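A quick write-up on the structure given underneath.
Every number for a ligand or one of its atoms is a count from 1 in the order of the listing. Please read all numbers here as calculations on a predicted model, not as lab measurements.
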Amino acid sequence: MSADARQREARVATLEQLLEVYERSVIEQSNKLYAEQQRMRLQTTLLESQGEASLDGILSSSVDGRILFANARLAELWGIEAPVIGERSYRATLGAMAERTADPAGFLERAAAAEAAQASREQIALRDGRTFDGYSAPIRSHEEELLGRVWYFRDISAVVEIDRMKNEFISAVSHELRTPLTSIRGSLDLMASGIAGTLPEEALSLTRIAQSNCERLVRLINDVLDIEKIDAGRMELALDRIVLEALVERAVEWMRPYAAELEVTLHFESRAPRALVRADDDRLAQVMDNLLSNAAKFSPAGQSVEVLLERRGPRLRVAVTDHGPGIAPDQHARVFQKFAQLDASAARRREGTGLGLHIARALVERLGGRIGFSSEPGVGSTFYFELPECSA
Ligand SMILES: Nc1ncnc2c1ncn2[C@@H]1O[C@H](COP(=O)(O)OP(=O)(O)O)[C@@H](O)[C@H]1O
Ligand SMILES: [Mg+2]
């Protein structure tokens, strides 16, 4: 064999080896690809069956308005034709849904606004009386690219109905309780006044206990009724221009006897005489009563409570400062919640319902103001509210 021929043979052998390596790598790659494909298929099936098994109606669309996914529940829930996946019918689907709502224009408007937002949530009233909870969020790639949007719709009619029944029940019971209670209170007051004959000391002290508990029940019932009105949006306000100083002055005078019983003195300083606010006299007095009674009942005997009325820019601020136990920072979030009584043992002596501040906040906010507090444990608390000042 010539040297040439040997060289050629060696080259062919190398090529053959190379080819074999390539072949192996191709087979390996295609096996991997196949496995990957299988995994993707499984993923898709899994996602689809999860989507189908959901009790929520699910709709996702791409940025160009194509339907990416819609489960059968969606069409069933809304009573619309099932959207076809892949079709550019997102707008049409939203339109069909809108027709089922009590306020189609509003629904479409809010849907458009939701599309610009991150995530959004709303309650949707339907024409047939049902209520849906609608949740929507953007779909983004790992690289944060916007791919589309997903919607979840849940029928919460039963929850809404139960809530309505609960409120109706509470309100009915409270009303029913109030009438006999008012009569009991009246009778007790008469008895204590001695109109039915002078009571022996023992009986008088029992009557006073009954009176004070009766007052407490009346307060509780009135608070519960107020909350119910606020939650149902039925709290009516009689707005008037009010001299804030006079209102605070009256509230402080009214609270004096109660504070005196607890050996607490009240001081009022006004730095905004004659300043006006637009408010409901009785309701604002109710806010003051609660701030003052809280300050008084959480003050140790012998302490004073300072009330300050002052201007803060365009607003008037009334602040009630006590030198009581204060409120621990981890309790701050709870103060305005319903039935919030932070320290149960301390609150027992200082009877209350835990509804006062919740009501106060709702009232102040309805009046266009805000309410807040600052507090240092062991030093005291300042609760305040602010209302826009009216021009004379
Ligand atoms: N001035 C205050 N000092 C300390 N804690 C307070 C003060 N005001 C309110 N709180 C806390 O907030 C809770 C809720 O107050 P509120 O809603 O008025 O209910 P209530 O007066 O019926 O207890 C009180 O029970 C108390 O724990
Ligand atoms: Mg209170």
Side-chain angles (χ1 to χ4, degrees), residues 170 174 181 212-231 235 248 251-252 254-269 282-309 317-367 369-386:
I170 291 178
S174 307
L181 207 56
S212 116
N213 281 290
C214 202
E215 288 298 334
R216 196 171 161 188
L217 258 177
V218 171
R219 262 202 313 273
L220 175 63
I221 286 171
N222 285 338
D223 280 358
V224 167
L225 283 172
D226 279 350
I227 294 248
E228 206 273 322
K229 262 192 229 144
I230 290 167
D231 286 353
M235 172 67 79
V248 175
V252 170
W254 198 80
M255 194 57 62
R256 251 184 231 293
Y258 173 75
E261 250 174 65
L262 298 164
E263 291 171 53
V264 173
T265 47
L266 305 179
H267 299 282
F268 174 39
E269 180 186 342
D282 289 343
R283 293 305 187 176
L284 198 55
Q286 188 180 351
V287 173
M288 271 314 298
D289 287 349
N290 187 49
L291 297 190
L292 289 171
S293 67
N294 284 352
K297 72 184 173 180
F298 289 104
S299 289
Q303 277 292 357
S304 65
V305 166
E306 288 96 36
V307 183
L308 176 64
L309 165 64
R317 172 189 283 223
V318 178
V320 178
T321 301
D322 65 55
H323 307 282
I327 297 165
D330 64 335
Q331 299 288 322
H332 280 203
R334 283 190 51 216
V335 168
F336 289 102
Q337 284 173 9
K338 277 184 221 176
F339 297 107
Q341 290 200 312
L342 306 180
D343 178 353
S345 62
R348 194 134 310 136
R349 183 180 76 89
R350 306 154 179 141
E351 57 190 35
T353 59
L355 293 172
L357 284 174
H358 182 82
I359 296 172
R361 183 174 63 179
L363 289 174
V364 169
E365 286 176 357
R366 280 275 324 260
L367 294 170
R370 59 176 183 222
I371 191 168
F373 70 96
S374 58
S375 182
E376 204 180 319
V379 177
S381 315
T382 296
F383 278 80
Y384 63 85
F385 66 84
E386 292 181 356

Element-labelled atoms of ligand 1 that are located less than 4.0 Å from some non-hydrogen atom of [X]:
X: D322; value: 1 (N), 2 (C), 3 (N)
X: G354; value: 17 (O), 19 (O), 20 (P), 22 (O), 23 (O)
X: N290; value: 18 (O)
X: L355; value: 17 (O), 19 (O)

Practice item. Could you tell me if any non-hydrogen atom of S381 lies under 4.0 Å from any atom of ligand 1? Key: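 Right, S381 reaches ligand 1.
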
Practice item. Determine whether any heavy atom of K297 lies closer than 4.0 Å to an atom of ligand 1. Key: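 Flag set, K297 near ligand 1.
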
Exercise for review: Please determine if the Mg ion (ligand 2) has an N/O/S atom from N294 lying under 2.8 Å away.
Suggested key: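 Looking at N294, which is the residue asked about, there is an N, O or S atom under 2.8 Å from the Mg ion (ligand 2).
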
Taking distance alone, with N or O pairs closer than 3.5 Å, would you say [X] contacts ligand 1?
X: L357; value: yes
X: F383; value: no
X: I327; value: no
X: H358; value: no

**Study point:** Euclidean distance, L225 CG relative to I170 CD1, rounded to 0.5 Å
**Key:**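 I170 atom CD1 to L225 atom CG measures 10.0 Å (nearest 0.5 Å).
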
Practice item. Would you give the length of the straight line joining atom CZ of R317 to atom CZ of R370, rounded to the nearest 0.5 angstrom? Key: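 The CZ atom of R370 is 7.0 Å from CZ of R317, to the nearest 0.5 Å.
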
Exercise for review: Indicate yes or no: does R283 engage D226 in a salt bridge with an N to O separation below 4.0 Å.
Suggested key: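 Between D226 and R283 there is a salt bridge, with a charged N closer than 4.0 Å to a carboxylate O.
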
Do [X] and [Y] come close enough that some side-chain heavy atom pair is under 4.5 Å?
X: L355; Y: V224; result: yes
X: F383; Y: V335; result: yes
X: L292; Y: W254; result: no

Exercise for review: Indicate the atoms forming the closest heavy-atom contact of I221 with S174, along with that distance.
Suggested key: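 Of all heavy-atom pairs spanning I221 and S174, the closest is CG2-O, 3.5 Å.
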
Review point. So F373 and F336, would you call those rings parallel, tilted or perpendicular, with 30° and 60° as cut-offs?
Key: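 The arrangement is tilted - the two ring planes meet at 30° to 60°.
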
